[in-house]
Amino acid sequence: MSFKKIAVLFVFISFLSSCKTEEYVTEIPQIIPIPSSLVVNQGFFLIDKTINITYDETFAISGDFLRKFLKQDTNIESTSSSTIQFIFDDTIENDEGYQLEIQPFKIIISAKTDRGAFYAVQTLRQLLPPEFETGSFSEEKQRIQCMTITDAPQFKYRGMHLDVSRHMFSADFIKKYIDALAMLKMNTFHWHLTEDQGWRIEIKKYPKLQEIAAYRNETLIGHYSDQPHQFDGEQYGGFYTQEEVKDIVAYAQSRHITIIPEIEMPGHAQAAIAAYPNLGCTGEQVNVATKWGVFEHIYCSKDETFDFLEDVLDEVTSLFPSEYIHIGGDEAPKTNWKTCEQCQNRIKTEGLKDEHELQNYFITRIEKYLNSKGKQIIGWDEILEGGLAPNATVMSWRGTNGAVAAAKQKHNVIMTPTSHCYFDYYQSTNPDEPLAFGGFLPLEKVYSFNPIPEELSTEESKYILGAQGNIWTEYIPTEDQVEYMAFPRILAMSEVVWSKNENKDYSNFVKRVEHFNKRLDVLDINYANHLYEIEGELISEENKNYYKLSTTLEDKTIYYTLDGSPVNLFSHVYTEPIPITESTKIKAAVFNTEKRLGNVFSETINYHKAVGKKITINKTPHKSYTGSGPEGLINGISGSDSRYGDKEWLGFWGEDIEIVIDLGEEIEINSIETRFYNGKGQWIYAPKNIIAYYDDGSSSKINFSTSDDIIIKASLVTHTGLREGLKTRYIKLKVENYGTIPDGKQGAGQKAWTFIDEIIIN
Ligand code: ACM
Ligand code: ZN
């Protein structure tokens, strides 16, 4: 049988969901993460469970995985004339690369390692109907389009993290999570095992870690920002036994997933200190934490603590074959170290400058110990403070500065900045979303992530090993909700770390996500579906304002109303931007011919005197929080009350800013109101003060209170007193940043953020 290539090299970016030529109808594969290159050929391979699969020991894991996936009985010899053959090919450059050649009677998987072959199998898996996932496919043979895929990852480190301390999940769920990573060609699971709120790994030498540190008396209800704090009064906890850990590690190995365990130090240690108070500086009996945040009870730097940690690490390293152990290092307030005799002694005897250098001493001493056992350490980017331990890999989470500093010092880096990698943030502005930490990280923003910081040279960027998504679980109590927060953002992350930049295209990606969702349904994975949601934007042209609607998936029909009435199939069909001349309440939704597909989009445009006028700011917002530019401050739309990262809020880190609004002509103004986000747990503070200046040289000023309200409003000009009848064309607003975050607060010693939106002028 011969087969003729269709003379088209498919460039993925221009993919349609099917492609007709005069002679054939070819099925275009929809693979996530998108492969490096794919050429579709004529013909089909027919597959069923009797297929003949041949592989030797080199490909034991991937071959076995495929047989199991096809529900083959390993005792029965195949009688099929079609084969799937695994071939060793050391001309393939990348250890994790592969070629997948699908011919009418033969599939050839070529790779240099079992890992490469495993990823070929994951690709093949996505070419089969989702029903194969559960074995519920019919006995009939299935067709797979003939094609050649040549593929390899862009990054060596492709990870997902899961915090099992704030909330704990079953061993079976951990395996399901690992399965999902493997399906998406990720290779690392970062297992965050210890925290203030619970110690989750059995350590045989220290039974109180199981008896005391693994349980908290109760848990905070609602969001940390909801005051006063309320608790559920129910004990919560548990731990993974060493037997369970071994079983999970073996399970991960059989999917080419490395598990990196994290044992936090010197901070986030309150649970351990509750079990063994001597590990802290004060010896005080404390409880396992029952609310979220950063706690001052951290490990003391006395020898006794190191003895404990070395014992713990002995047991941990015997369970995890990973080259890396994550030792935490983040968010360790130095309050207790400052007044602890033993810590101050340590500073003296070791000739250290201050408590930051003591943290470096702490981490370096642990690194030395782990290096002596053949292990390397990873730490959060705080391990840069006071100097880096000599061989440490840095996990950069507070933006990318840590990554840049570490790479320039020739240290390896894993990228996980909050702005693009924190999957505990909201993924939609829809008010029906489940309670989350805060922030806003929609699918598109994850997808847009480039793990290489632009400040790095080509040489320096070699130190960027890859990236990972993080799932912190303060507000994620159930397994269903872990999946909801992970999916579909993990799909975007898989493409960020695996696929070539030139193959990435968001509108093509979301079509593949829509297709992939059917596989998630079959796998019983709970995912967020915001594909049918609508985005809105105020645009201004030639002094006129319009409202533009768009959907994530381009081929859908939007219906809308402008009077606040419910939207249905009898509402207006959206064809072009809607003129806006007054305050308007827009409702819109995507419908197919029968029913609504996504949530109803609702936006209130609060029309005021500055809408669509000119605005300039003397500083550019932080690159992670640029909103929709300065114009967004006067577009009639106020930033969300709970998601400071939405496209309205502009974020500035530690900077004073000056904003100038040009109203076009001198007009009378009666009031100016500005809104600031005030999320102290997230290092966001209302400014110290704000001053407005007018054409006549007069000004007005507001100092801010220390209110805990999430949104702080400032009214600058009111109808009262002298300001009545004020006329001006220009308004200059000086906004003075809060400054340094005080001791005892989260982010103490860091610069505070200012988040602003909207400036309402009437
Ligand atoms: C972190 O989010 N504290 C690493
Ligand atoms: Zn101490």
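Whatever order the structure lists them in is the order used to number ligands and atoms, beginning at 1.
For the pair Asp480 (side chain) and Glu483 (backbone), a donor-acceptor distance under 3.5 Å is absent. Side chain of Asp163 to main chain of Thr473: a donor-acceptor pair is present (N/O by atom type, distance under 3.5 Å, no hydrogens or angles). Between the side chain of Lys680 and the backbone N or O of Ile741 there is no donor-acceptor pair closer than 3.5 Å.
Neighbours of the Zn ion (ligand 2) restricted to protein N, O or S atoms under 2.8 Å: the count is 4.
The side-chain contact (heavy atoms from CB on, under 4.5 Å) test applied to Ser461 returns Ile452, Leu456, not counting sequence neighbours. Residues satisfying the side-chain hydrogen bond (donor to acceptor under 3.5 Å, both in side chains) criterion with Lys408, sequence neighbours excluded, are Glu460.
Between Tyr240 and Trp191, the distance from one ring center to the other falls under 6.0 angstrom.
Taking the six-membered ring where the residue is Trp, Trp337 and Phe362 present parallel rings, their angle staying beneath 30° rather than reaching 60°. Using the six-membered ring where Trp is involved, Tyr422 and Trp472 have ring planes that are tilted, between 30° and 60° apart.
Judged purely by distance below 3.5 Å, without hydrogens or angles, the side chains of Tyr425 and Asn470 never pair a donor atom with an acceptor atom.
Near ligand 1, Asp330, Glu331, Trp380, Trp397, Tyr422, Trp472 each place a heavy atom less than 4.0 angstrom from the ligand.
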